[in-house]
Amino acid sequence: MLEKHPSKPHLSGIEEYQQLYKESITEPNKFWGRLARELLTWSKDFQTVHSGTLEGGDNAWFLEGELNASYNCVDRHAFKDPNKVAIIYEADEPNEGRTVTYGELLREVSKTAYVLKQMGVRKGDTVAIYLPMIPEALVAFLACSRIGAVHSVVFAGFSADSLRDRVIDAQSKVVITTDEGKRGGKLIGTKKIVDDALKQCPDVSHVLVYKRTGADVPWTKGRDYWWHEEVDKWPSYIAPEPVNSEDPLFLLYTSGSTGKPKGVLHTTAGYLLGAAATGKYVFDIHDGDRYFCGGDVGWITGHTYVVYAPLLLGVSTVVFEGTPAYPNFSRYWDIIDKHKVTQFYVAPTALRLLKRAGNQHVRNEMKHLRVLGSVGEPIAAEVWKWYFEIVGKEEAQIVDTYWQTETGSNVITPLAGVTPTKPGSASLPFFGIEPAIIDPVSGEEIHGNDVEGVLAFKQAWPSMTRTVWGAHKRYMDTYFNVYKGYYFTGDGAGRDHEGFYWIRGRVDDVVNVSGHRLSTAEIEAALIEHSAVAESAVVGVTDELTGQAVNAFVAIKEGNDATDALRKEFVLQVRKSIGPFAAPKAVFIVPDLPKTRSGKIMRRILRKILAGEEDQLGDTSTLSDPSVVDKIIAVVHDAR
Ligand code: ATP
Ligand code: MG
């Protein structure tokens, strides 16, 4: 029998968190040194826990130490129990999945590592991974790290041009892909997209192709190789290559919500420690758990919480190929029941979709669920409550985890079963994170509680990014030169009377109306309380009278009509929830909002449209459905 609570949380309560947190801030070397030796296996011990400063942008952790990521994720668990399930693969079609044990994973990773070596991949080389959510994606990650290569994953929904840019920027010489992908009942021509992208990447010498559907695909002899044919040639064990703690583990481009995507670099030991530590304490992972992160491996959430955290801790990770809407809106909940999932982690955009679809789809028992995570955007209180009551049956704990590609792992978040929660607040800092609220006008830190400003961190932590690939100056300018001595997140935040943090969204997304600094997230949360609202995005536009004025874009639920009366109701909703000063001056009812491929709303596009600068939208390569832009432009024009 699988018990709901295999044991108590790792910490006895909030007092133990406070005590450990204090140690992590006042004696970080002692704290992280202990955790690094407890959670990771080293082939050579480190002597120096940390060196460098935020001002210098030269932070390094666990110097002199050596380890291997794939050994930590696979070998050590395979040696203990080769039959333990590492990967639960839930294919796009509900009946087509399979499981992969730690023993099998070690063999697959070894063979694939051999293949990469034969293709000329050496320690420090970058390998582009353009794979859908299948077990081989995890095998590819781990095969790279096994030989000390650097993976550069590109979300397998990106266009040929976006893939090309990332392959060139990262200087990858090998690309790993499939013949096709399958998602939500639709086929995606991944190999064809790779072929198109590579027309302008002369430096790519090899393409390794995993046969997912068996489709007929174009083939370039001498460059393209079938995965199944290549792995058959090589033995099932290859020794892991020990690397230095600070050797790069991977490169990952950010979502591009605010501009040109940044090639964020993470190094080995610090990143792995962040993944393992947050997996253990935030998600309360225990031996025997079945962990399901719905994020794609093409994003940081998939890196840290589909691959590294669960595998480092030796539990089973669900790899889901499909979408929450296929074959119907119960898909997530069916997966959770079928695999007795203990932790589930997803973005608010998916939750809004499922809430909009209706509670009748959430009939499932899900009795093993202990933790429900949210990530990627502020979660409106309305959606938080729905998650807690309807999905979690008021028993699973919600963890609203705030973090970024650059932070590597969760930085402000409740610890499941330990931290008291408030709907809409990411709560308290994780170990080693010392948040500061800064006044954006004076640049001074604002001390005490009940304060608002921009969010920065005062102390370095192991899983922080070390550079932006090939653009260290951009790294310094974006994160460290804005407020000297701080890491700047780019997000606005408030610290309430109890010291809890409320993330307000990006600094650029703050609206200043007659001197009131309003967070777009707060106004959006108010709008979503109206029963006809499915999703909303709020931006500020220049206003002669008030400096800036609030404009709202709203996608309405089916069965509602875009009438003036409804627009008035939306304005009233905001007046009532927040106050008259926050009331939108204009409300545009649109079919959909511009979102990145990771589901984040791109407010900068809306700002440009309102400013009449449709021809200067900037980098839109990460938009998931570029056609919504024209539809929104049409709505705005009609209204004027
Ligand atoms: P880019 O940096 O290219 O503009 P991005 O910031 O969207 O893209 P990510 O690193 O994927 O790329 O996202 C991090 C951002 O997501 C955070 O800075 C924050 O704005 C938002 N975010 C993440 N988690 C939360 C959360 N729990 N609550 C509120 N906002 C969140
Ligand atoms: Mg960002």
Side-chain angles (χ1 to χ4, degrees), residues 153 155 162 165-166 252-266 278 282 295-305 345-351 372-381 383-384 387 398-414 421-430 435 454-457 463-465 468-469 471 474-475 478-479 482 487-494 500-510 519-522 524-525 594-605 618-624:
V153 181
F155 173 59
S162 304
D165 292 348
R166 288 164 177 72
L252 179 65
Y253 292 84
T254 55
S255 309
S257 311
T258 52
K260 187 175 173 331
K262 300 176 274 280
V264 166
L265 184 89
H266 281 287
T278 51
V282 175
D296 194 281
V297 292
W299 310 117
I300 190 65
T301 302
H303 277 63
T304 308
Y305 298 103
Y345 194 22
V346 80
T349 179
L351 297 173
L372 291 171
S374 170
V375 58
E377 282 188 286
I379 177 169
V383 179
W384 193 105
Y387 204 20
I398 308 285
V399 290
D400 172 6
T401 63
Y402 167 78
W403 60 300
Q404 312 175 297
T405 310
E406 298 88 336
T407 67
S409 48
N410 306 152
V411 286
I412 297 187
T413 174
T421 51
K422 306 182 187 186
S425 165
S427 81
L428 301 173
F430 189 68
V454 300
L455 180 64
F457 301 138
S463 69
M464 65 190 291
T465 174
V468 172
W469 187 255
R474 186 174 180 199
Y475 172 78
T478 311
Y479 311 112
V482 186
Y487 167 91
F488 176 48
T489 64
D491 289 310
F500 275 51
Y501 290 87
W502 299 75
I503 309 298
R504 309 294 190 201
R506 289 156 217 293
V507 173
D508 315 346
D509 290 342
V510 167
S519 101
T520 54
E522 202 176 347
E524 288 158 12
K595 284 184 217 150
T596 63
R597 285 165 202 267
S598 53
K600 292 166 192 284
I601 298 167
M602 270 205 214
R603 293 176 190 78
R604 69 179 165 90
I605 301 242
D619 188 325
T620 54
S621 62
T622 66
L623 265 181
S624 75

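We count ligands from 1, going down the list as the structure has it; atoms in each ligand are counted the same way.
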Asks: Would you mind listing which atoms of ligand 1 come within a distance below 4.0 Å of any non-hydrogen atom of W403?
Replies: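 Per the distance check, 14 (C), 17 (C), 23 (C), 24 (N).
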
Asks: For ligand 1, which atoms sit closer than 4.0 Å to a heavy atom of T405?
Replies: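 So the answer, numbered in order with elements, is 9 (P), 10 (O), 11 (O).
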
Asks: Under 6.0 Å between ring centres: does that hold for Y479 and F488?
Replies: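 That pair fails the under 6.0 Å test.
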
Asks: Using a 4.0 Å cutoff against the non-hydrogen atoms of I503, which atoms of ligand 1 qualify?
Replies: 29 (C), 30 (N)

Asks: Output yes when a side-chain donor or acceptor of T278 lies under 3.5 Å from a complementary backbone atom of S409, and no otherwise.
Replies: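 Flag not set: sc T278 to bb S409 has no pair under 3.5 Å.
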
Asks: Distance to 0.1 Å, residue and atom name: give those for the protein heavy atom nearest to atom 4 (O) of ligand 1.
Replies: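 Minimum-distance protein heavy atom for atom 4 (O) of ligand 1 reads T258 OG1, 2.4 Å.
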
Asks: Which of the numbered atoms in ligand 1 are under 4.0 angstrom from any heavy atom belonging to K262?
Replies: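 Near K262, meaning under 4.0 Å from one of its heavy atoms, ligand 1 has 2 (O).
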
Asks: Under 4.0 Å from ligand 1, counting heavy atoms only, is it the side chain of T596, its backbone, both or neither?
Replies: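 For T596, there is no contact with ligand 1 at all, from either part.
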
Asks: Of the backbone atoms (N, CA, C, O) and the side-chain heavy atoms from C-beta on, which set of E377 has a member under 4.0 Å from an atom of ligand 1: side chain, backbone, both, or neither?
Replies: backbone

Asks: Only heavy atoms of R506, strictly under 4.0 Å: list the atoms of ligand 1 that pass.
Replies: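 This gives 5 (P), 6 (O), 7 (O), 15 (C), 16 (O), 20 (O) as the contact atoms.
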
Asks: Do R506 and K600 have side chains that get closer than 4.5 Å, going by heavy atoms?
Replies: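 R506 reaches K600 side chain to side chain.
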
Asks: Within 45° of the ring axis of Y253 and under 6.0 Å from its six-membered ring centre, is that where the NZ or CZ of K262 lies?
Replies: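 Verdict for Y253: no cation-pi partner in K262.
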
Asks: What protein heavy atom sits nearest atom 7 (O) of ligand 1, and how far off is it?
Replies: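 Going by distance alone, atom 7 (O) of ligand 1 is nearest to S257 OG, 2.5 Å.
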
Asks: For the pair E524 and R603, find out whether any cationic side-chain nitrogen is under 4.0 Å from an anionic carboxylate oxygen.
Replies: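 Salt bridge present between E524 and R603.
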
Asks: Under a 4.5 Å cut-off applied to non-hydrogen side-chain atoms, are E406 and Y475 in contact?
Replies: no

Asks: Under a 4.0 angstrom heavy-atom cut-off, which atoms of ligand 1 come close to D491?
Replies: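 Listed by number with element, the hits are 17 (C), 18 (O), 19 (C), 20 (O).
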
Asks: Could you check whether any side-chain N or O of S427 sits under 3.5 Å from a backbone N or O of F500, counting only pairs where one atom can act as donor and the other as acceptor?
Replies: no

Asks: So does V153 get a backbone contact from the side chain of H303, meaning a donor-acceptor N/O pair under 3.5 Å?
Replies: no

Asks: Using non-hydrogen atoms of the residue, decide whether D400 is closer than 4.0 angstrom to ligand 1.
Replies: yes

Asks: So which protein heavy atom does atom 29 (C) of ligand 1 come closest to, and at what separation?
Replies: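 Protein heavy atom at minimum distance: P378 N, 3.0 Å.
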
Asks: How close does the nearest protein non-hydrogen atom get to atom 11 (O) of ligand 1, and which residue and atom is it?
Replies: S255 OG, 2.9 Å

Asks: Based purely on interatomic distance, does K600 place a nitrogen or oxygen under 3.5 Å from a nitrogen or oxygen of ligand 1?
Replies: yes

Asks: Do the side chain of T620 and the main chain of L623 share a donor and acceptor less than 3.5 angstrom apart?
Replies: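 No, the answer is negative, given that no donor and acceptor are paired below the 3.5 Å cut-off.
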
Asks: Less than 4.0 Å is my threshold; does some heavy atom of G376 fall inside it relative to ligand 1?
Replies: yes

Asks: Identify whether NZ of Lys or CZ of Arg in R597 sits under 6.0 Å from the centre of the six-membered ring of F155 and within 45° of that ring's axis.
Replies: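 No, R597 and F155 do not form such a contact.
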
